[in-house]
2 protein chains.
Amino acid sequence: MKRGTSRDIRTANRYEVLRQIIAASPTSRQELAAATGLSLATVATLVGELLELRMITEVGFEDSAGGRPRGLVAVNASGGALIGVDIAETYVHVELFDLALNVLARAEENVRPVESRPEQMVGHVTAAVGSVVAQAGIEGARVLGVGVSVPGQVDRATGIAEYAPNWDWHDVPLLDLLTEHIAYPLYLDNPLRAVAVAELWFGAARGRGNAVVVNLGTGVGAGLILGGGLHRGVSNSAGEWGHTTIVLDGRLCHCGNHGCVETYVGAPGIMLNLRELSPGSTLLHPEDQTATIAALAQGLLRHDPVALEVVRNTARYLGAGIADLVNLFNPEVVVLSSWVAAALGEPLVAEVREAVARHALPRPMAATEIVLSPIPTDPACLGAATFALEGALQSVGQRNGKKRSTPARSRTAPPS
Amino acid sequence: MKRGTSRDIRTANRYEVLRQIIAASPTSRQELAAATGLSLATVATLVGELLELRMITEVGFEDSAGGRPRGLVAVNASGGALIGVDIAETYVHVELFDLALNVLARAEENVRPVESRPEQMVGHVTAAVGSVVAQAGIEGARVLGVGVSVPGQVDRATGIAEYAPNWDWHDVPLLDLLTEHIAYPLYLDNPLRAVAVAELWFGAARGRGNAVVVNLGTGVGAGLILGGGLHRGVSNSAGEWGHTTIVLDGRLCHCGNHGCVETYVGAPGIMLNLRELSPGSTLLHPEDQTATIAALAQGLLRHDPVALEVVRNTARYLGAGIADLVNLFNPEVVVLSSWVAAALGEPLVAEVREAVARHALPRPMAATEIVLSPIPTDPACLGAATFALEGALQSVGQRNGKKRSTPARSRTAPPS
DNA sequence: GGGGTTAGGAAAGGGGGTTTACGAAGTCCG
DNA sequence: CGGACTTCGTAAACCCCCTTTCCTAACCCC
């Protein structure tokens with residue numbers, strides 16, 4: 001059983017303070033203390049650390065009611081760069097962020113179905129990472145880390161992609177392969193958790209101790225924020241919600257079971273919902289998820305009845321599933337994230353809210369908000385970069401002595 | 001957002017140490033340190049605290065390989081009493097425990113359906129609590145607390161039963177009502193969480209940071225142990241798993257929805273499974289859940305094909321539901337608890353294991369054990385009493401000065 | 001240019017856990 | 001039978017964390 005140490009408190013507080021600074025960028029220590037609930041002294045210490053790391057800078061002063069002006073700090077955008085890599089079935093998407101998490105450069109590599117070998121994927125990642133660094137004109141030393149999101153089960157400690165269903169990878173030592181080509185610190189995890197962390201730091205889950213981040217893309221999952229941090233489970237595979245049975249003996253899922261949530265509310269599932277409702281619909285682009293979802297989104301805008309009905313139908317499944325999560329976790333907020341959610345937007349959320357309200361118990365429902373992710377870019381990239389940010393921040397904790405002289409080691413009076 | 005303080009660490013460690021002592025009763029500080037991962041010094045401090053509280057006592061010595069013997073400590077059974085109250089639809093069950101959590105006295109009050117008013121229920125509880133105290137011949141001052149488990153949504157802070165479906169209670173200030181009649185410290189929560197805590201302290205979840213306690217009774221729920229402690233959610237209603245949709249548009253549930261897990265694997269649901277399979281079965285006692293489940297259990301023992309099939313069928317639903325929990329939480333262990341699980345026992349668990357294995361993803365499945373609760377008595381009573389124990393232990397943390405003279409508290413040399 | 005006010009830093013203080021040192025209480029063996 | 005060796009358990013020193021308190025810095029106003 002993992003034991004919590006007082007160090008963890010410091011780390012959590014450091015995260016919290018930096019989150020707050022990034023969110024409300026020019027801000028004062030006073031404001032930070034109020035927002036985080038920490039004492040002024042602690043905030044000052046943490047701000048001092050971050051200043052020393054050059055992650056933030058002092059940017060001026062702000063009038064205070066008649067007294068000494070408040071010093072303002074802001075993210076030091078040029079204090080370093082973070083890279084987020086989103087590996088998906090058909091593409092590798094890489095973004096380079098400054099410390100304010102603005103995108104400075106982007107690169108995308110298309111991956112053809114035949115290129116499913118790990119080495120090929122590593123090649124794509126390496127190329128794209130090189131590209132964004134070059135584009136942004138950043139010197140290598142300023143890259144604080146690279147977060148990599150790869151689908152499937154990931155062992156963070158060993159950096160092994162234990163199982164990636166898309167390419168039938170088994171126990172691929174991805175971290176080692178990447179390390180050979182990329183010199184920056186690497187952090188590996190899966191998109192589910194990346195998106196959840198992005199939401200925790202920069203999105204709708206910020207400042208919430210309990211949140212569920214529902215990931216609606218080609219696949220479906222639920223990142224769990226519990227007790228203020230990401231819940232990973234015992235083998236880092238928590239959050240696999242896509243294969244929850246929602247219709248016993250329902251649609252066949254590629255996982256081998258029937259009736260998984262994913263087969264109804266993932267992009268292919270939504271296509272199927274559309275096809276079942278209106279087989280000849282012009283909204284349907286048989287081989288193209290992205291186009292079909294985009295067409296549905298367009299349809300919603302012009303109140304196309306078929307589009308509305310498909311969304312309503314999808315929301316019915318999604319609402320039932322989310323209601324289960326609300327009952328089970330009693331979260332403060334449920335965030336709908338990823339590209340399908342972003343595309344279908346508020347109309348989907350509104351339908352989902354209604355559907356959830358029909359299914360969930362009143363008390364947990366009353367405590368829960370259901371919102372769309374406010375994150376405008378690819379949340380998996382952002383989340384992956386956030387892992388890198390967390391990593392960079394974590395290593396601050398590594399108190400490496402500081403007693404430079406290492407005095408009198410000789411004190412050893414060897415016994416025996 | 002709740003902030004963790006270093007005090008919480010101490011509390012958690014105190015819990016852990018006491019748990020370990022209760023579990024392995026005569027035990028040494030060495031063993032405790034090894035089991036908890038704490039340093040010897042910390043264990044010694046905590047043991048010292050518990051000794052001073054008279055919750056444990058020194059009970060002798062144990063040979064150590066050639067050196068000073070280890071001092072042994074054990075629970076001081078007579079150091080206090082804890083009372084657990086399990087309020088259910090048709091009965092109020094009260095047990096009085098010593099500090100080793102042995103049952104010293106029991107009382108049961110039957111509740112007739114007409115007696116659903118809170119005052120009547122309070123009367124039953126008061127009577128039963130008085131009864132167990134009298135039976136056990138305990139002086140009032142020795143009762144450390146009374147834990148009360150009441151179905152539905154409970155606000156622990158205010159002690160209000162916000163909603164209890166059985167009796168249509170709304171915002172009943174149960175704690176206040178009980179306080180008028182019961183002088184001991186009171187702790188209120190619901191059976192779901194009581195059972196989970198019982199399992200965490202004394203059952204199959206002991207020492208596990210992540211566990212799911214599936215509660216199979218008339219109602220169904222899932223107590224969540226996450227990060228070493230009970231997960232309550234933002235309004236203390238986490239764990240409501242019974243109304244998870246498992247069959248879209250399935251059986252009508254009293255919650256108003258269709259296809260809830262509870263309607264398939266709760267005791268009434270199992271009866272329905274039986275009725276659907278074999279309408280005229282002699283196993284069926286139409287108006288008596290307890291008798292029907294008992295008959296099924298008997299049937300299993302003699303390999304009655306109908307009983308086997310009913311259990312298999314129930315396990316099919318249950319397995320699908322539990323697989324979802326395994327995927328979602330990635331727990332170390334799933335514990336099947338409460339009277340239905342106890343009655344159907346290993347045959348049910350074996351079927352459930354198979355069913356879960358069919359539905360869950362391989363990786364989380366590999367990390368999860370599915371076991372029957374080892375707790376022999378009413379787990380809700382035990383869990384309620386555990387809340388009282390936690391409460392008593394918590395108030396130790398209230399260091400109010402300590403500048404009290406009280407030196408040399410009676411220099412009692414430990415009895416040889 | 002003093003008083004009043006507010007910000008921010010330094011020091012003290014209260015928790016917590018661990019490491020180290022040392023006395024206590026046995027065993028082993030000459 | 002007593003010293004040497006072992007092992008336990010406590011006390012003290014140390015490090016980490018957060019908060020409270022005190023004091024100085026910096027600005028406003030009169």
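Proteins come first, then strands; the chains are lettered A, B, ... in the order of their sequence lines, and each starts at number 1. What you are looking at is a predicted structure, and each value in this text was computed from that prediction instead of being measured. For the numbers below, each heavy atom of this structure counts, side chains included, while hydrogens, waters and symmetry mates do not.
At least one donor-acceptor pair closer than 3.5 Å links the side chain of N76(B) to the backbone N or O of R54(B). In this structure a side-chain-to-backbone donor-acceptor pair under 3.5 Å is missing from D98(A) to A81(A).
An OP1 or OP2 oxygen of dT18(C) is reached within less than 4.0 angstrom by a side-chain nitrogen or oxygen of T42(B). Within the 4.0 Å cut-off from OP1 or OP2 of dC18(D), at least one side-chain nitrogen or oxygen of N13(A) is found. When the side-chain nitrogen and oxygen atoms of R7(B) are compared with OP1 and OP2 of dC18(D), none of them lie within a distance under 4.0 Å. Between Q30(B) and dG9(D), a side-chain N or O to OP1/OP2 separation shorter than 4.0 Å is present. The side chain of S6(A) places no N or O atom within less than 4.0 Å of a non-bridging phosphate oxygen (OP1 or OP2) of dC16(D).
Nearest-nucleotide mapping onto DNA chain D: of S28(B) and D63(A), the residue sitting toward the 5' end is S28(B). Each of A41(A) and P69(B) has a nearest nucleotide on DNA chain C; the 5'-most of these lies closest to A41(A). Sequence order on DNA chain D of the closest nucleotides to T45(A) and G66(A) puts T45(A) first from the 5' end.
Counting atom types as modelled, R68(A) pairs no side-chain N or O with a base atom of dC27(D) as donor and acceptor under 3.5 Å.
Note on G48(A): nothing from the nucleic acid sits closer than 4.0 angstrom, heavy atoms only.
Between L38(B) atom CG and dG16(C) atom C1' the separation is 11 Å, expressed in whole Å.
Using bins of under 30°, 30° to 60° and over 60° for the plane-to-plane angle, the ring pair F329(A)/H231(B) lands in the perpendicular bin.
A salt bridge links D189(B) with R232(B): the distance from a Lys NZ or Arg NE/NH1/NH2 to an Asp or Glu carboxylate oxygen falls below 4.0 Å.
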